[in-house]
Trainee: 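This is the structure I want to talk about, given as structure tokens.
Just so we're clear, the structure is a prediction, and the values are computed from it rather than from any experiment.
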Amino acid sequence: MNGDPGPGADYRPLILDETVPDEASVLAQLRKSPVIRIVDLRDVLRAELGKVHNPPDDLGGPETDRWVYYPWRRTLTGLPGERTYRAIRLDRNRNKVTRAEQRRLAGLAVGVVGQSVGHAIAHTLAMEGSCGLLRLADFDDIELSNLNRVPGNVFDIGVNKSIVTARRIAELDPYLPVEVYTAGVDEHTVDEFLHGLSIVVEECDSLDVKFAVRQGARRHRLPLLMDTSDRGLFDVERYDLEPERPPFHGLLGPTTAADLRGLSTKEKAPHVMRILDPKELSARMAASLVEIDETVTTWPQLAGDVQLGAAIVATAVRRIGLGYKLSSGRTRIDLERGLDGLAEPEPEEVIWEEEPDTVAAPPGPARVNVLECAQRAPSGGNTQPWQLRMEHDAMRIDLASNRSSALDIGYRGSAVAIGAALHNARAAAAAHGILGDHHLIEDDTTALTVLLEFGAGSDPLLARDYPAALMRDTNRKLGTGEPLGDAVLAGLAAAAAAEGGAVHAITGRPELSEAAVLIGESDRIRHLTPRLHQEMYGELRWPGEDLRTGIDVRGMELAPDEQAKLRIGGRADVMARLHEWSGGAALGEYSRDRVLSSSALVAVTLPCRPGPYGASLTDYAVAGAALQRVWLEAGRRGLAVQPVSPVFLYARHPDELIAISPDFADTLTSLQGRFLDLLGVPGHEIMALVLRLSYAAAATVRSRRLPVPGAGDRS
């Protein structure tokens with residue numbers, strides 16, 4: 001290193017492996033010394049390693065342990081090996097810095113010129129594990145007046161500043177290589193100092209050295225960072241990207257290093273002002289500059305400002321090291337100005353207006369009541385993907401393609417909803433004695449149209465569903481887990497069979513646990529796929545929003561912790577980061593918990609005709625009618641019903657899974673196969689919906705609906 005540290009100026013610990021004979025001999029001598037303290041931390045740190053979630057696989061065992069001797073402390077310390085030590089020490093970095101990012105940062109070599117502000121910067125970089133080598137330079141020794149900002153102590157007075165920094169880092173991480181230049185750097189040694197570095201941080205007082213470091217950084221094509229401890233002033237000079245860039249952003253014009261050499265503090269002032277811009281200095285700093293050599297010795301610095309600068313530089317080093325954008329230029333991170341902007345935070349209170357929950361439709365014309373009942377059918381996200389209207393002596397339902405979503409593949413989910421609406425309409429018509437024939441029509445204009453003719457017919461079985469259809473709701477409350485009786489399942493199967501459908505149910509705890517895992521993973525994928533995430537959170541309705549479509553947040557039946565998670569879960573930037581990390585297992589907890597509290601999970605299915613995708617929209621509409629019959633029968637038997645359909649529900653071909661979520665198509669293929677096998681759904685059947693059945697308290701709210709022609713706005 002440049003400059004001889006001198007006797008007694010040790011700054012690197014001695015790392016010893018007792019399995020190596022020569023090192024074991026040194027270790028034995030150290031252990032014999034009566035003046036050397038021995039501290040063995042290996043068992044303590046191994047116990048701490050046991051608390052680390054998902055530790056790296058390549059840590060090694062006790063054979064990697066080392067003894068570390070700190071001569072300036074006269075202390076011999078037993079520590080785990082480097083990988084174990086770092087895995088424990090840096091564990092709390094996750095996931096602000098991921099393990100992959102930590103490994104990338106470990107490839108950086110950072111030089112820090114000047115060890116007053118530079119001490120805090122170097123130590124912060126070491127604490128964060130943001131580099132694999134530190135090179136420190138300062139010719140000066142610690143004085144008592146330095147200890148207002150340098151985190152040393154009285155025992156450091158008279159010791160070279162770079163050695164004080166190096167010792168402190170060694171006591172933090174003995175495995176991190178640190179090199180010191182105790183003579184500082186100048187125009188003759190700067191190239192040696194900069195050789196092999198990734199980034200240089202310049203924090204010295206000498207203007208000529210500042211200039212020389214910048215010229216060297218240009219030659220070596222290194223990014224240069226500088227923090228000035230006043231109002232958070234921070235400079236970035238990307239000589240790696242702009243090797244012809246003038247030093248100090250060109251603020252010194254044609255000034256050379258020779259012009260700046262050997263200047264007194266007062267002589268430096270004009271150049272400093274050109275660099276710092278006196279209009280932007282804090283009032284206290286500017287006033288202090290006037291008093292230099294009068295009432296103060298030199299320009300002032302505060303420990304808090306220095307620590308802020310260390311945080312700023314460390315953030316910039318991470319950005320450069322990880323390849324994130326960091327342009328040349330200047331910014332201020334002014335704490336005083338930030339504190340001037342203190343304001344009372346506004347509490348995020350969710351206040352709902354009390355609204356009547358109208359169950360039964362008010363008396364009205366029979367045909368209007370039919371439309372009203374049709375409008376109360378379930379649909380994905382309460383989108384109501386239909387258009388209802390009277391047409392001569394019939395009610396017409398057209399598929400509204402503008403209310404579709406990514407999960408509504410080929411409008412199959414919309415067709416299921418229309419089938420449910422048709423069943424509601426038929427039940428109402430039967431109850432009012434005006435039931436006629438119905439027709440399902442597929443064409444290129446509306447995709448699917450349903451006509452229900454009004455006549456003079458009735459059907460007791462259908463009419464029985466009318467009051468149930470008016471009272472039907474979605475109940476997302478946790479269930480008791482009470483088993484279903486065989487008679488209940490038989491009743492549900494009979495309801496589906498009335499439309500030619502079938503019910504596939506699982507009721508055992510092991511099977512429900514497996515289903516909970518599969519549906520939870522489906523929910524995770526839904527969160528991590530941008531379009532699906534946007535559509536899912538776009539369905540939610542908060543106070544002050546139109547509750548006639550979408551899902552009233554109260555109906556989510558969220559516990560307090562789930563409410564907090566919902567706010568985080570709605571952030572697309574958070575989901576993008578979790579996707580990047582292959583994380584987000586907790587995103588499926590909401591559905592997992594509810595499936596685990598269930599009495600049963602049932603898939604309502606319908607055999608379909610052969611074809612390239614296995615079914616027509618008419619088939620899905622018929623399946624929707626079977627679904628509605630099952631839902632209403634479950635309600636009559638005192639069951640809470642919640643759709644928990646996975647994202648792959650309506651996919652019938654691998655290309656459709658790719659369209660849903662390109663990044664997770666393979667995972668969805670696997671989940672779909674496992675899910676169908678678990679429920680026992682054969683390949684020739686289509687699923688209308690998957691329902692979670694449970695015994696639970698009444699739902700908090702019922703979803704509202706859009707008005708239908710001639711009926712007004714109903715809950």
Side-chain angles (χ1 to χ4, degrees), residues 12 49 52-60 79-113 117-137 165-166 168-180 193-203 217 220-227 234 236-241 307-328 333 576-583:
R12 289 298 299 151
L49 178 64
V52 173
H53 288 289
N54 188 30
D57 298 326
D58 58 348
L59 298 181
L79 296 175
E82 180 176 354
R83 290 179 179 175
T84 300
Y85 186 86
R86 294 247 174 86
I88 300 169
R89 192 177 75 78
L90 300 175
D91 184 58
R92 290 291 294 273
N93 282 9
R94 296 190 296 162
N95 276 315
K96 285 201 168 182
V97 180
T98 66
R99 282 189 178 141
E101 290 172 332
Q102 204 81 66
R103 288 192 294 270
R104 187 170 175 182
L105 291 171
L108 295 181
V110 180
V112 184
V113 181
V117 176
H119 180 124
I121 291 169
H123 190 256
T124 300
L125 293 174
M127 280 197 291
E128 292 190 354
S130 294
C131 60
L133 178 141
L134 279 166
R135 189 174 294 162
L136 315 175
T165 307
R168 188 166 177 234
I169 291 170
E171 293 174 8
L172 166 73
D173 186 346
Y175 298 112
L176 178 63
V178 179
E179 301 169 358
V180 301
F193 180 84
L194 296 176
H195 179 72
L197 293 182
S198 311
I199 299 169
V200 61
V201 182
E202 185 278 294
E203 298 293 344
H220 290 263
R221 301 194 68 164
L222 295 177
L224 183 142
L225 309 175
M226 180 181 72
D227 174 77
F234 179 61
V236 178
E237 295 168 80
R238 294 298 301 265
Y239 298 114
D240 55 327
L241 305 178
Q307 294 299 322
L308 172 63
I312 297 169
V313 172
T315 302
V317 167
R318 286 200 308 273
R319 291 181 72 122
I320 293 172
L322 298 176
Y324 300 142
K325 181 181 178 182
L326 188 73
S327 304
S328 294
I333 301 172
R577 191 65 69 188
L578 288 170
H579 186 181
E580 177 186 332
W581 297 341
S582 300

Trainee: Is there a donor-acceptor pair under 3.5 Å between the side chain of Gln102 and the backbone N or O of Gly129?
Mentor: yes
Trainee: Dump the intermediate steps for side-chain contact (heavy atoms from CB on, under 4.5 Å) on Asp173 and Arg86, then the final yes or no.
Mentor: CA-CA 8 Å; Asp173 186 346; Arg86 294 247 174 86; 2.5 Å; yes
Trainee: Return the set of residues passing ring-ring contact (aromatic ring centres under 6.0 Å, His included) with Tyr239 (not counting sequence neighbours), or none when no residue passes.
Mentor: none
Trainee: May I ask you to say whether Arg168 pairs ionically with Glu171, meaning some side-chain N is under 4.0 Å from a carboxylate O?
Mentor: no
Trainee: Against Ile320, only a single residue in Leu225, Leu108, Leu105 fulfils side chain to side chain contact (heavy atoms under 4.5 Å, CB included); can you say which?
Mentor: Leu225
Trainee: About how many Å separate OG1 of Thr84 and CD of Glu82, when rounded to the nearest 0.5 Å?
Mentor: 10.0 Å
Trainee: Report the distance from atom CG of Leu194 to atom CG of Leu222, rounding to the nearest 0.5 Å.
Mentor: 6.0 Å
Trainee: Side chain to side chain contact (heavy atoms under 4.5 Å, CB included) with Arg104: which residues, sequence neighbours excluded?
Mentor: Leu322
Trainee: NE2/His123 to CD1/Ile121 distance, rounded to the nearest 0.5 angstrom?
Mentor: 13.5 Å
Trainee: Return the minimal non-hydrogen interatomic distance between Pro80 and Tyr85, and the atom names on each side.
Mentor: O-CB, 4.1 Å
Trainee: Gly196 and Ala109: which non-hydrogen atoms are nearest, and at how many Å?
Mentor: O-CB, 3.7 Å
Trainee: Looking at Arg83, I'd like to know if its CZ atom is crowded, meaning that more than 12 non-hydrogen atoms belonging to other residues, nucleotides or ligands lie closer than 6.0 Å.
Mentor: no
Trainee: Do Val97 and Glu128 have side chains that get closer than 4.5 Å, going by heavy atoms?
Mentor: no
Trainee: What pair of heavy atoms forms the shortest contact from Leu136 to Ala166, and how long is it?
Mentor: CD1-N, 3.9 Å
Trainee: Quick check for you: to the nearest 0.5 Å, what is the distance between Gln307 atom CD and Ile312 atom CD1?
Mentor: 11.5 Å
Trainee: Are the side chain of Ser198 and the backbone of Val110 linked by a donor-acceptor contact shorter than 3.5 Å?
Mentor: no
Trainee: Does a side-chain heavy-atom distance below 4.5 Å link Val236 with Arg319?
Mentor: no
Trainee: Say you draw a straight line from CD of Glu101 to OH of Tyr324; how long is it, rounded to the nearest 0.5 Å?
Mentor: 4.0 Å
Trainee: Is there a donor-acceptor contact under 3.5 Å from the side chain of Ser328 to the main chain of Arg238?
Mentor: yes
Trainee: Could you check if a side-chain atom of Pro174 sits within less than 4.5 angstrom of a side-chain atom of Leu79, using non-hydrogen atoms only?
Mentor: yes
Trainee: How close do Met127 and Leu90 get, heavy atom to heavy atom, and via which atoms?
Mentor: O-CD2, 3.5 Å
Trainee: Working to the nearest 0.5 angstrom, can you tell me the gap between Glu202 CD and Met226 CE?
Mentor: 6.0 Å
Trainee: Shortest non-hydrogen contact from Thr165 to Ala122?
Mentor: CG2-CB, 3.9 Å
Trainee: Going by heavy atoms in the side chains, are Ile169 and His119 under 4.5 Å from each other?
Mentor: no
Trainee: For Ala576, enumerate each residue passing the side chain to side chain contact (heavy atoms under 4.5 Å, CB included) test, keeping only those at least two apart in sequence or located in another chain.
Mentor: none
Trainee: On a heavy-atom basis, which atom in Phe193 and which in Val113 lie closest, and how many Å separate them?
Mentor: CE2-CG2, 3.6 Å
